[in-house]
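These values consider heavy atoms only, across backbone and side chains, with no hydrogens, waters or symmetry-generated copies.
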Amino acid sequence: MSATTVQTRTEPATATLKLHSSAEGKEETEYRYSHLLPFFSQDHYPPLTPFEHIDPGHRALNHSNPRSFLDSATQITELTPNLGTEVFGVDLRALDSDGRDQLALEVARRGLLVFRDQQEFIDAGPDFYREWGSHFGRLHIHPTSGHPQNYPEIHLVYRDANSSFNFEIDDSITSTVWHSDVSYELQPPGLTTFFLLSQPSTGGDTLFTSQVSTLKKLSPQFVAFLKTLKAVHSGVEQANFSRSGKRGGIVRREPVENVHPLIRKHPVTGEEALYVNRQFTRRILGLKREESETLLKFLYDHIDKGGDVQARVHWTPNTVVLWDNRVTAHSAIVDYGDSKQRRHGARITPQAERPVPALEDLDLSF
């Protein structure tokens, strides 16, 4: 394949990514997933409205064998004792409704599942992606990211030699930013599906951490205090990043701030998990500014340093990863910039319930 350059073309209605051959100036046709390149429409969406979410994992609890969807697996490896399972031999695309319910339950229990050799799933295309994700909840449309043209429910990450359409802050000594996806929404995501369409030859891994295990590291007395607290999660900074002309320069829905408990309970497993993240959590309500900043810094540092509760996913071609945003946090590793190679991924992001406080009847108003 010839060397490529990437340009952003801005028109009155849309901005879209085009690939061109640097040698001949002709549009590149070799890239297999050019139809899934980032597109930035100037559509504007109204605020999201609340909805009732019923987690499909609930149904799997009544199955005689809730792990039968793994019966065809040729290899199952636990990445760590408490987080992450790698699976070979299971065709995700072939799972029926019961199998998808069981998948949701297993992701809730293990936090992270890594499925190898999923080319048929990845090549099934955006209509299938939407159908797949809709089984697990109402599909989220990201307010600022690029998406395949006509498929706003598919969130794209994209970086190559000349462009980045990701929410990346350059003035930091590290690219590691732990977060739970769009936690500023009233009903943030639950089970999330992600895969790479193109990847660098080395680097670009993703780190995950178990927020269940992170919480268990803390003393019972301290956890009891944290259960009484709630925090503001904000999408304002992310929106302002795009409004400054970065990422694609588009804000399709006005940013929101919502209040969530510091410790939430999973609706299916009942497990409790820490629910703060450096990217979107802004302040703890009811505490003075210095108290909030000190406590959040301690919790962020605790998450950052918890190598014994983390797992690292190394991307190989045709890998599909699923995680539960309610009980995990993650961070991309942007260590491949000097290679000038493309990293192009797609995320299917169903929303779930409003976070359930571990402390019953905790007031979640501002």
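The other residues sharing a hydrophobic cluster with Trp178 are Leu207, Leu215, Leu218, Phe222, Val223, Phe225, Leu226, Leu229, Leu262, Ile263, Leu274, Val276, Ile284, Leu287, Leu295, Leu296, Phe298, Leu299, Tyr300, Ile303, Ile333, where clustering joins ILVMFWY side chains under 4.5 Å apart.
Classification of Arg32 and Asp123 as a salt-bridged pair holds, one side-chain N sitting under 4.0 Å from a carboxylate O. Of the charged side-chain nitrogens involved, at least one lies within less than 4.0 Å of a carboxylate oxygen, so that Asp301 and Lys297 count as a salt-bridged pair. Look at Arg252 and Asp43 and you find no salt bridge, because none of the NZ, NE, NH1 or NH2 atoms lies under 4.0 Å from a carboxylate O. Classification of Asp304 and Arg278 as a salt-bridged pair holds, one side-chain N sitting under 4.0 Å from a carboxylate O. Taking the charged nitrogens against the carboxylate oxygens, Arg109 and Asp324 have no contact shorter than 4.0 Å, which rules out a salt bridge.
Using modelled atom types, one finds no donor on one side chain facing an acceptor on the other under 3.5 Å when comparing His140 with Asp181. Side-chain contact, Thr193 with Arg347: no donor N or O sits under 3.5 Å from an acceptor N or O. Side-chain contact annotation: Tyr158 with Asp160, donor-acceptor N/O pair under 3.5 Å present. In the model, Gln102 has a side-chain atom that pairs as donor or acceptor with a side-chain atom of His63 under 3.5 Å.
Note that the CZ atom of Arg354 and the CG atom of Asn258 stand 6.5 Å from one another [nearest 0.5 Å]. The OG atom of Ser145 sits 4.5 Å away from the NE2 atom of His155 when rounded to the nearest 0.5 Å. Interatomic distance, CD of Glu131 versus CG of Leu139, reported as 10.0 Å (0.5 Å rounding).
Residue pairs meeting the salt bridge (charged side-chain N to carboxylate O under 4.0 Å, His left out) criterion with at least one member in residues 266-277, sequence neighbours excluded, are Lys227-Glu272.
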Next on the checklist: What verdict does the side-chain hydrogen bond (donor to acceptor under 3.5 Å, both in side chains) test give for Asn277 and Ser183, after you've listed the backbone C-alpha separation in whole Å, the side-chain angles of each residue and the deciding distance to 0.1 Å?
Outcome noted: CA-CA 8 Å; Asn277 68 87; Ser183 65; 3.0 Å; yes
Next on the checklist: For a ring pair (Phe, Tyr, Trp, His ring centres under 6.0 Å) check, start with the C-alpha distance between Trp132 and Phe121, then their side-chain angles and the critical distance, and finish with the verdict.
Outcome noted: CA-CA 10 Å; Trp132 167 268; Phe121 183 102; 5.0 Å; yes
Item to check | Verdict with reasoning, Asp55 to Arg326, per salt bridge (charged side-chain N to carboxylate O under 4.0 Å, His left out) | outcome: CA-CA 12 Å; Asp55 196 285; Arg326 295 168 289 197; 2.7 Å; yes
Checklist entry - Are Arg253 and Glu185 close enough, and set up right, to give a salt bridge (charged side-chain N to carboxylate O under 4.0 Å, His left out), and what steps lead you there? => result CA-CA 12 Å; Arg253 191 170 58 247; Glu185 300 290 14; 3.1 Å; yes
Item to check | Full working for salt bridge (charged side-chain N to carboxylate O under 4.0 Å, His left out) between Arg138 and Glu353 | outcome: CA-CA 10 Å; Arg138 185 177 75 179; Glu353 72 287 341; over 6 Å; no
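Between Trp323 and His330, the two ring planes are tilted [angle within 30° to 60°]. In this pair, Phe280 and Tyr184 present their aromatic rings perpendicular. The plane angle is above 60°, beyond the 30 to 60° band. Taking the six-membered ring where tryptophan is involved, the planes of Tyr33 and Tyr31 are perpendicular, since the angle between them exceeds 60° and thus also 30°. Taking the six-membered ring for Trp and thresholds of 30 and 60 degrees, Phe115 and Phe69 have ring planes inclined between 30 and 60 degrees apart.
A cation-pi geometry, defined here as NZ or CZ lying under 6.0 Å from the six-membered ring centre and within 45° of its normal, does not hold between Arg130 and Tyr151.
Nearest heavy atoms, Gly306 versus Thr209: O-OG1, 4.5 Å. Closest non-hydrogen pair, Thr328 versus Gln211, comes out as C-CG, 3.8 Å.
When each of Glu237, Glu257, His233 is paired with Arg282, the side chain to side chain donor-acceptor pair (under 3.5 Å) condition holds for Glu237 and for no other.
Side-chain atoms of Gln341 come within 3.5 Å of backbone atoms of Ser201 as a donor-acceptor pair (strictly under, hydrogens ignored). The closest donor-acceptor contact from the side chain of Tyr275 to the backbone of Ser180 lies at 3.5 Å or more, if one exists at all.
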